[in-house]
Amino acid sequence: MTQIRFDTKAVANFIESHEYGEIQPLVTMAADQLRHRNGAGAEYTDWLTLPTDYDRDEFQRIQAAAKKIQSDSKVLVVIGIGGSYLGAKMAVDFLNPSFNNELSDDQRRGVKVYFAGNSLSATYLNDLIRTIGDQDFSVNVISKSGTTTEPSVAFRVFKQLLEKKYGAEGAKQRIYATTDANRGALHDEAEASDYETFIIPDGIGGRFSVLTAVGLLPIAASGADIEQLMAGAKDAQDAYTDNDINDNDAYRYAAIRRILYDKGYTTELLVNWEPSLQYLSEWWKQLMGESEGKNHKGIYPSSANYSTDLHSLGQYIQDGRRDLFETAVLLDQPVSDLDLPKSAGNGDGLQYLEGKTIDQINATAAKGVVMAHVDGGVPNLAIHIQKQDAYNLGYLIYFFELAVGISGYTFAINPFNQPGVEAYKTAMFALLGKPGYEAETKAFRARLD
């Protein structure tokens with residue numbers, strides 16, 4: 001029995017039953033490419049069996065390192081960008097209270113986790129430094145190459161702070177490097193300085209790396225249960241093996257997305273009704289956008305945080321261009337609930353809601369929004385997860401990763417590379433005067449004159 005309930009009732013008006021049979025051969029072809037690892041980018045598909053094939057010895061070292069960080073630090077600064085940032089941030093937010101970093105030490109399970117290296121904002125770095133203050137802290141720097149600009153800049157800053165506070169030798173004991181196993185600037189520095197080091201596997205791209213050390217160390221340091229996270233992913237791996245889209249919800253999700261795309265629904269909104277799921281959407285946007293956006297094809301991934309965004313984006317979703325569809329991630333059991341307080345009067349007009357909990361109101365609002373949006377011409381999908389816990393998150397991560405692998409191959413593209421990402425880097429390096437980019441520097445500066 002799967003832990004995810006995939007609800008497709010609200011697309012019944014948009015997809016004819018025969019279309020599922022017609023898309024099945026394309027999905028089967030994509031599944032064969034993925035499973036037999038003979039499609040484009042197959043060398044980056046080790047995530048497919050990661051929940052059963054991961055390195056148990058490294059996993060134990062991750063758990064031990066997390067305990068050490070918890071014992072000698074109040075704060076962990078996680079330095080990374082893209083796949084080296086979004087997965088960990090998503091999981092830390094998903095698995096901990098909304099204001100976890102503000103809780104007292106006896107209320108919080110693990111350390112406070114802050115993120116850096118995901119922008120080039122000096123203001124952000126200064127604000128983070130002030131927030132840490134004189135608290136004991138450690139750093140987890142995550143980079144395959146060790147030369148990515150944003151995390152490299154942040155690492156210089158926080159390495160200097162560590163050395164100033166603890167001395168050169170003491171700083172080394174508080175730096176944890178997650179990087180390539182054999183090469184790269186960060187690998188070489190970690191080896192020379194004897195940092196505790198964890199591996200970014202060669203066969204897993206950044207946006208698929210949350211279940212490797214890239215995500216697992218920050219998640220474990222926050223106090224979350226990474227054993228349950230991997231258990232959920234393993235059960236999803238075991239569950240989603242049938243090529244039949246009637247029996248495999250991950251494949252069915254991929255199939256529906258492709259059918260809707262071919263009908264002109266080229267934007268997908270991932271919708272949540274819990275603020276703690278906001279970064280699930282951010283992680284998902286990279287996973288989908290970087291995987292599918294190739295050769296002028298692919299579904300544009302966007303997101304909405306309800307009910308907040310109903311007061312800003314709601315008008316467009318209801319009455320704007322009919323080129324988008326929604327996929328809602330819904331929790332069947334909230335982490336906690338709250339009774340609506342009773343009032344002697346009815347000045348706020350809420351008396352009709354008395355006797356209900358706030359989660360009941362939230363869930364009912366979600367149903368109403370689906371009805372309104374479907375009536376307005378917006379297809380809706382719903383992914384129900386039972387609980388907001390590590391097991392269900394692991395299951396959901398694998399669901400999305402598998403779905404985009406299938407979906408990407410149906411577009412006849414390589415879902416596992418990201419050639420377009422290099423374009424901005426070339427322009428940035430040229431304008432900053434990086435050695436080796438002299439010709440590009442001249443060309444780009446001429447365009448600015």
Side-chain angles (χ1 to χ4, degrees), residues 50 54-55 58-101 103 108-119 124 128 131-132 135-144 148 150-151 154-155 158-159 162 173-179 186 190 195-201 204 206-230 232-233 276-280 282-283 286-287 389-390 393-394 397:
L50 178 65
Y54 66 92
D55 186 331
E58 183 180 59
F59 191 84
Q60 291 181 353
R61 287 200 303 112
I62 290 169
Q63 291 176 307
K67 288 181 180 177
K68 179 180 181 296
I69 293 167
Q70 291 167 353
S71 70
D72 66 16
S73 300
K74 298 294 185 184
V75 171
L76 174 66
V77 179
V78 181
I79 298 175
I81 195 168
S84 298
Y85 155 62
L86 288 170
K89 171 64 172 169
M90 171 270 290
V92 169
D93 283 7
F94 187 101
L95 297 173
N96 290 289
S98 298
F99 304 101
N100 196 54
N101 285 346
L103 295 177
R108 196 177 54 251
R109 293 180 300 181
V111 296
K112 304 173 186 179
V113 180
Y114 295 104
F115 293 86
N118 47 70
S119 75
Y124 179 91
L128 178 53
T131 297
I132 295 170
Q135 297 177 92
D136 286 317
F137 73 100
S138 294
V139 167
N140 177 205
V141 55
I142 307 168
S143 177
K144 184 78 168 171
T148 305
E150 296 90 341
F155 183 46
F158 284 97
K159 179 183 173 184
L162 283 171
Q173 303 304 312
R174 291 174 175 272
I175 295 174
Y176 301 83
T178 307
T179 189
L186 182 56
Y195 302 153
E196 176 96 35
T197 305
F198 302 97
I199 303 305
I200 302 175
I204 298 176
R207 59 189 176 275
F208 291 86
S209 67
V210 63
L211 298 179
T212 71
V214 170
L216 293 178
L217 180 56
I219 296 167
S222 78
D225 188 342
I226 60 173
E227 290 185 0
Q228 280 297 298
L229 189 71
M230 298 304 292
S276 56
L277 272 61
Q278 179 178 349
Y279 265 85
L280 173 67
E282 298 303 317
W283 168 81
Q286 184 194 12
L287 180 70
D389 62 14
L393 179 59
I397 287 169

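Here the options are Asn101, Asp136, Ile132, the test is side-chain contact (heavy atoms from CB on, under 4.5 Å), and the partner is Val75; only Ile132 passes. When each of Leu216, Leu229, Ile204, Ile397 is paired with Val210, the side-chain contact (heavy atoms from CB on, under 4.5 Å) condition holds for Ile397 and for no other.
Between Tyr176 and Lys68 there is a side-chain heavy-atom pair separated by less than 4.5 Å. By the 4.5 Å heavy-atom criterion applied to side chains, Met90 and Leu393 are counted as neighbours. In this structure, the side chains of Leu287 and Leu86 stay at 4.5 Å or more apart for every pair of heavy atoms. The closest side-chain heavy-atom distance from Ile175 to Lys159 is below 4.5 Å. For the pair Ser222 and Leu95, the minimum side-chain heavy-atom distance is 4.5 Å or more. Within the 4.5 Å cutoff, the side chain of Phe59 has heavy atoms near those of the Ile226 side chain.
When every heavy atom of Lys144 is checked against every heavy atom of Ile200, the shortest pair comes out as NZ-O, 2.9 Å. Asp225 approaches Glu227 most closely through the heavy-atom pair OD1-N, 3.0 Å. Across every non-hydrogen atom of Ser209 and Val214, the tightest pair is OG-CG1, 3.5 Å. Contact detail for Ile79 and Gly117: the closest heavy-atom pair is CG2-CA, 4.2 Å. Considering all non-hydrogen atoms of both residues, Ala116 and Phe158 come closest at CB-CE1, 4.0 Å. Summarising the geometry of Phe137 relative to Arg174, their closest heavy-atom pair is O-NH1, 3.3 Å, with the distance given to 0.1 Å.
Interatomic distance, Tyr124 OH to Phe115 CZ, rounded to the nearest 0.5 Å: 8.5 Å. A distance of 5.5 Å separates OG1 in Thr131 from OH in Tyr114, rounded to the nearest 0.5 Å. Here Ser138 contributes atom OG and Gln173 contributes atom CD; the two are 10.0 Å apart, rounded to the nearest 0.5 Å. For the atom pair OG1 (Thr178) and CD (Glu196), the distance works out to 9.5 Å, reported to the nearest 0.5 Å. The NZ atom of Lys112 sits 13.5 Å away from the CG atom of Asn96 when rounded to the nearest 0.5 Å.
Under the 3.5 Å distance criterion, the side-chain polar atoms of Gln70 are matched with a main-chain donor or acceptor of Ala221. Side-chain atoms of Arg207 never come within 3.5 Å of backbone atoms of Gln286 as a donor-acceptor pair (strictly under, hydrogens ignored). Of the possible donor and acceptor atoms, none in the side chain of Arg108 sits under 3.5 Å from a partner among the backbone N and O of Pro97. A donor-acceptor pair is defined here as one N or O able to donate and one able to accept, closer than 3.5 Å; such a pair exists between the side chain of Glu58 and the backbone of Ile199. Gln228 places no side-chain N or O within 3.5 Å of a backbone atom of Ala224 that could act as its donor or acceptor partner. Looking at Thr197, its side chain does come within 3.5 Å of a backbone N or O of Tyr195 through a donor-acceptor pair. Looking at Thr179, its side chain does come within 3.5 Å of a backbone N or O of Ser143 through a donor-acceptor pair.
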Show your reasoning for whether side chain to side chain contact (heavy atoms under 4.5 Å, CB included) applies to Asp93 and Gln278. CA-CA 8 Å; Asp93 283 7; Gln278 179 178 349; over 6 Å; no
Given the rule in the side chain to side chain contact (heavy atoms under 4.5 Å, CB included) test, do Phe198 and Asn140 qualify, once you have shown the distances and angles that lead to the verdict? CA-CA 10 Å; Phe198 302 97; Asn140 177 205; 5.6 Å; no
